[in-house]
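Structure first, then comments.
All values derive from a computational prediction rather than experimental measurement. Below, chains carry the letters A, B, ... as their sequence lines are ordered, and counting in each starts from 1.
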Number of protein chains: 2
Amino acid sequence: MTVQIDAMDRKILQQLQEDASQSLDDIARKVGSSKTPVWNRIRKMREGGVIGQQTVILDPDALGLEACFFVLVRTNAHEADWQKKFLKALRSRPEVLEAHRLAGEIDYILKVRVKNARAYDEFYQALIKEVAIYNVTALLSMEEIKNTTMLPLD
Amino acid sequence: MTVQIDAMDRKILQQLQEDASQSLDDIARKVGSSKTPVWNRIRKMREGGVIGQQTVILDPDALGLEACFFVLVRTNAHEADWQKKFLKALRSRPEVLEAHRLAGEIDYILKVRVKNARAYDEFYQALIKEVAIYNVTALLSMEEIKNTTMLPLD
DNA sequence: GCTGAAAGTAACCGGGG
DNA sequence: CCCCGGTTACTTTCAGC
């Protein structure tokens, strides 16, 4: 079912990750191929779900989203019902950019982008009102050292 | 210096976030404007750095990157020199997708994408060999509940 | 599976309202 | 500031090899 990815595919993906707006001609030249084969590979990888959404990266500060928190969540409710409600809450909130279920002591980690600490508290209050949570630790980011969507393809 | 963003700009950004490949005409229609003004706004926001890189989101599993770790780092070396070396190491490693300096007990958080636990260990060993670290906790992601680059624009 | 060309579509950039 | 139209450039498809 899964598409097989070879070295040429990876080169193409690398180019698309770096700049999805460049023309097929440019990509073909850079990867040492030509338009049609590159286009066919891209089409296949899109259909196979290897290539997903095409998007732009926006500057959060310019949009007034100056605060970023990582939230460590511990729960004692491990029932399927509770989990379902919790996941639904996370997915419906646009300020939650990322959410993972973890192995070990801590059950979930969230990455939350908001205007300021006040806005985080409003998010937090709304969340714990919606679903019971045993323990929460919020880590405030002081400096974003690195933030990339580019996966390592070598 | 910073570009002023109004409601129309936000609508345009929303469209670009959702699908950066759609045509100017489509965007213009959806936001209730027309080509020229939309194009001018996009150009301004690009120049102003509000709109950054245009990219594609790839499926990590399809590329064999099936493990995701969040790494909590505590240090006791708070000298500028150590920090410089540490940041350089993080930025140079492509498996580090995200790195933040934090306020509080924990000094740094990293998000690392690798093939498997073995590959994580290799990354970890290489990192602590390069720079001294007081304490490290690795949190293994079992399930990616949500992962988006879309900032909330309302 | 590549080449090259042909057709359709969109970006870009003027002059005018 | 926005509308419109022309030009250039790109994407997408397809017949031939």
Inset, instruction - Taking side chain to side chain donor-acceptor pair (under 3.5 Å) as the test, write out the residues that go with Ser141(B), two or more places apart. - result: His100(A)

Inset, instruction - Step by step, work out the side-chain contact (heavy atoms from CB on, under 4.5 Å) result for Asp6(B) and Gln4(B). - result: CA-CA 7 Å; Asp6(B) 66 12; Gln4(B) 203 57 18; over 6 Å; no

Legend entry - Residue mapping more 5' on DNA chain D - nearest nucleotide basis, Lys44(B) or Ser23(A): Lys44(B)

Would you tabulate the pairs of protein nitrogen or oxygen atoms and nucleotide nitrogen or oxygen atoms of nucleotides 12-17 of chain D closer than 3.5 angstrom?
{"unit_1": "dT12(D)", "atom_1": "OP2", "unit_2": "Trp39(A)", "atom_2": "NE1", "d": "3.0"}
{"unit_1": "dT12(D)", "atom_1": "O4", "unit_2": "Lys35(A)", "atom_2": "NZ", "d": "3.4"}

Legend entry - Asp19(B)-Ser21(B) side chain donor-acceptor pair, cut-off 3.5 Å: yes

Inset, instruction - Would you kindly say whether Glu18(A) and Gln14(A) are connected by a side-chain donor-acceptor distance under 3.5 Å? - result: yes

Legend entry - Any donor-acceptor N/O pair, Arg91(A) side chain to Ile145(B) backbone, under 3.5 Å: yes

Using residues 117-140 of chain B as the side-chain source, report each donor-acceptor pair under 3.5 Å to any protein atom, sequence neighbours left out, with the distance given to one decimal.
{"unit_1": "Glu130(B)", "atom_1": "OE1", "unit_2": "Arg93(B)", "atom_2": "NH2", "d": "2.9"}

Inset, instruction - Among residues two or more places apart or on two chains, list those pairs meeting ring pair (Phe, Tyr, Trp, His ring centres under 6.0 Å) that have a residue in residues 6-52 of chain B. - result: none

Inset, instruction - Not counting sequence neighbours, list each pair that qualifies as a ring pair (Phe, Tyr, Trp, His ring centres under 6.0 Å) and has a residue in residues 3-22 of chain B. - result: none

Legend entry - Segment of DNA chain C, first to last nucleotide, that comes within the 4.0 Å heavy-atom reach of chain A: dC2(C) to dG4(C)

